[in-house]
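Take a look at the structure set out below.
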Amino acid sequence: MSRQRRYRLVNGQPPSSPQMRVLKAVVFTIACALVLVPFVGIVATSLAPAAQVTAAGGLVLWPSSIDLSAYRAILAGGVVTRALGISGIVTILGAALSLTVSSMLAYALTRRALPGRRALTMLLICSLFFSPGMIPTYLVVKQFGMLDSLAALIVPTCLSAFNVIVLRAFFSNLPQDVLEAAQIDGAGEFSLLGRIVLPLSKAALAVIGLFYAVGYWNSFFAALLYLNDTSLWPLQLVLRSYVTNGERIAAADMDSGIVPPQVTLQMAILVISIVPILCVYPFLQRHFAKGALTGAIKG
Amino acid sequence: MSTSPSARSLRRRLPLLLLAAPGVVVLLAFQYYPLLGNVIAFKHYLPFLGIGESEWVGWQNFEVIVNGDHQFVTALTNTLIITLVQVLVVFPIPIALAIALTSLASERIKRIVQSVLYLPHFLSWVIVVGIFQQFLGGSGMLNNFLRSNGYDTFQIIGNADLFIPLLTSQLIWKDAGWATILFLAVLSQIDVQLYEASVVDGAGRARQLWHITLPALKSIAILLLILRLGDALSVGFEQIILQQPAVGLEASEVLDTYVYNNGIVGGNWSEAAAVGLVKGVVSVLLVLGANKVAHMFGEDGLYRS
């Protein structure tokens with residue numbers, strides 16, 4: 001390069017013009033605010049004392065003092081507490097089942113000795129291209145006697161072909177000579193999977209497991225479709241009645257006896273349904289940053 | 001102990017078959033077996049008779065489609081309009097965001113912005129719809145603010161005329177950040193030397209964008225467009241069914257909600273299944289067709305046969 005440049009290249013690109021830089025700063029600040037302000041408003045309102053919320057006629061952006069009565073009211077037993085428990089059970093059992101079934105299938109598909117390996121792989125990949133339809137799927141769930149049971153929320157959706165494909169790519173990128181060596185030493189397929197493949201894939205398994213877990217936690221339509229028995233309703237359906245449909249949360253729905261303002265209760269339910277996601281988010285985020293998943297997808 | 005070759009290979013194959021079995025069973029039971037249930041589209045299905053006993057009626061259930069039943073036509077029109085708006089408005093946003101993110105000089109700021117913008121993707125539709133109501137609804141934050149300052153209020157939630165813009169902004173809020181992830185991955189693969197060489201040749205940022213960045217994103221953008229086309233007839237089912245009571249069917253009925261409302265809620269199982277079946281077949285044809293078009297433009301598309 002003969003000519004002397006007066007600026008430093010960023011990723012090979014000259015720096016933006018000052019106007020462009022201001023524009024970018026404004027756009028990104030607004031975008032981040034649009035995401036964060038609702039969170040602040042929800043959390044603040046759920047913690048605000050009744051008088052402040054009543055005076056504001058709705059959401060507040062900062063609580064004048066911290067009042068936990070909304071959380072006490074919904075967590076002391078009753079509809080929300082029960083729904084929270086059901087969602088927790090479905091999420092944990094579902095994620096465990098999904099991860100087990102998916103990693104077993106993904107591993108088997110990486111092994112040459114699997115009879116009908118090509119056909120099974122095609123069976124898996126083809127399923128990405130069509131959906132069997134809502135009515136036929138409903139009839140099958142009904143035929144298997146799963147209507148009005150929590151199994152209907154877990155079993156029909158427990159296998160994501162996409163996740164199996166990601167895991168299969170990850171497993172086949174593991175050093176195969178380790179597997180061959182263990183095999184020569186007499187290790188069977190179960191111990192290859194349990195002692196070598198799974199321990200080497202902890203991060204990938206954790207990410208896929210969390211994706212499954214988030215899916216179960218957020219799932220709302222399966223419950224609407226398959227559960228007539230409202231006592232089995234998971235949190236998302238309770239959220240729908242109380243928050244999006246605006247049904248009144250009566251004292252009878254809670255065992256605590258205290259009834260804070262409706263908005264405060266609604267926001268507390270929203271917070272409770274968001275907090276688990278926020279807890280696992282940093283972990284998921286760290287793995288996207290590393291590109292663990294995108295690498296696996298391309299492989 | 002000596003074992004025959006077939007017994008030895010069985011000892012390796014059997015465990016593998018056992019490992020694959022649960023996943024394959026789930027796949028067959030809930031992805032392939034339900035396809036058979038589509039026969040009720042050609043029957044007059046009555047739950048108490050079951051599929052086998054219900055009477056064959058030929059193509060009768062498809063008459064809603066052929067004769068253009070009003071509710072069906074509304075659902076189809078709404079679906080196509082929403083898809084069109086989403087492809088034109090929503091699709092380019094993550095591309096622009098990804099390009100802008102990559103051009104940020106500070107890695108730290110880039111990381112923070114990414115963390116914030118990915119977050120809404122992990123919230124359920126119930127939560128997203130709830131949040132929008134709390135902020136834009138009749139007694140939401142915006143209208144409370146306007147009212148207390150003596151301005152007129154806007155009816156945004158429950159306003160049929162604004163339903164599609166509302167759906168679109170919810171979709172952007174929830175997923176535009178997350179959708180940058182694939183574009184960012186592609187952008188990070190571009191050889192920096194290409195940019196550096198172009199600077200030597202006198203290219204500014206605009207020319208770099210036009211001649212290097214956008215061409216690099218072409219394949220992934222086409223791939224995602226093909227996938228979106230395959231989904232052209234499915235638009236945000238959960239998102240829409242949640243808000244349907246507020247805006248009414250005329251503005252919000254789409255094909256998926258039509259199948260749900262007529263079949264599961266209304267009990268016209270066979271008619272709903274017929275619409276669902278046609279929708280499924282058309283979707284597969286759309287993917288295959290879009291893939292062909294991509295090949296004509298010299299792109300790899302989804303697959304090559």
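Reminder, nothing fancy here: chain letters follow the sequence lines and each chain counts from 1. Hydrogens, waters and symmetry mates are skipped; everything else that's a heavy atom, side chains included, is used.
- In this structure, A/Phe130 and B/Val281 have side chains that are not in contact, with every pair of non-hydrogen atoms separated by 4.5 Å or more.
- Under the side-chain contact (heavy atoms from CB on, under 4.5 Å) test applied with B/Phe122, the options A/Val280, A/Leu278, A/Ile277 reduce to a single match, A/Ile277.
- Within residues 126-134 of chain B, the residues having any heavy atom closer than 4.5 Å to a heavy atom of chain A are B/Val126, B/Ile127, B/Val129, B/Gly130, B/Ile131, B/Gln133, B/Gln134, listed by residue number.
- A side-chain N or O of B/Ser124 and one of A/Gln236 form a donor-acceptor pair less than 3.5 Å apart.
- With a 4.5 Å cut-off on side-chain heavy atoms, A/Leu225 and B/Tyr260 count as touching.
- In this structure, chain B has no heavy atom under 4.5 Å from any part of A/Met20.
- Residues that satisfy the side chain to side chain donor-acceptor pair (under 3.5 Å) test with B/Asn38, not counting sequence neighbours, are absent from this structure.
- Under the side chain to side chain donor-acceptor pair (under 3.5 Å) criterion, B/Lys43 pairs with no residue, sequence neighbours left out.
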Practice prompt. Dump the intermediate steps for ring-ring contact (aromatic ring centres under 6.0 Å, His included) on A/Tyr281 and B/Tyr118, then the final yes or no.
Written response: CA-CA 10 Å; A/Tyr281 183 66; B/Tyr118 289 172; 7.7 Å; no
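- The minimum heavy-atom distance linking B/Leu19 with A/Ala108 is given by the pair CB-CB, 4.2 Å.
- Ring geometry for B/Trp178 against A/Phe211 counts as tilted: the plane angle lies between 30° and 60°, on a 0 to 90° scale.
- B/Tyr33 has its side chain out of reach of A/Pro132: every pair of non-hydrogen atoms, C-beta onward, lies at least 4.5 Å apart.
- Evaluation of the side chain to side chain donor-acceptor pair (under 3.5 Å) rule for A/Ser46 yields A/Tyr71 as partners, not counting sequence neighbours.
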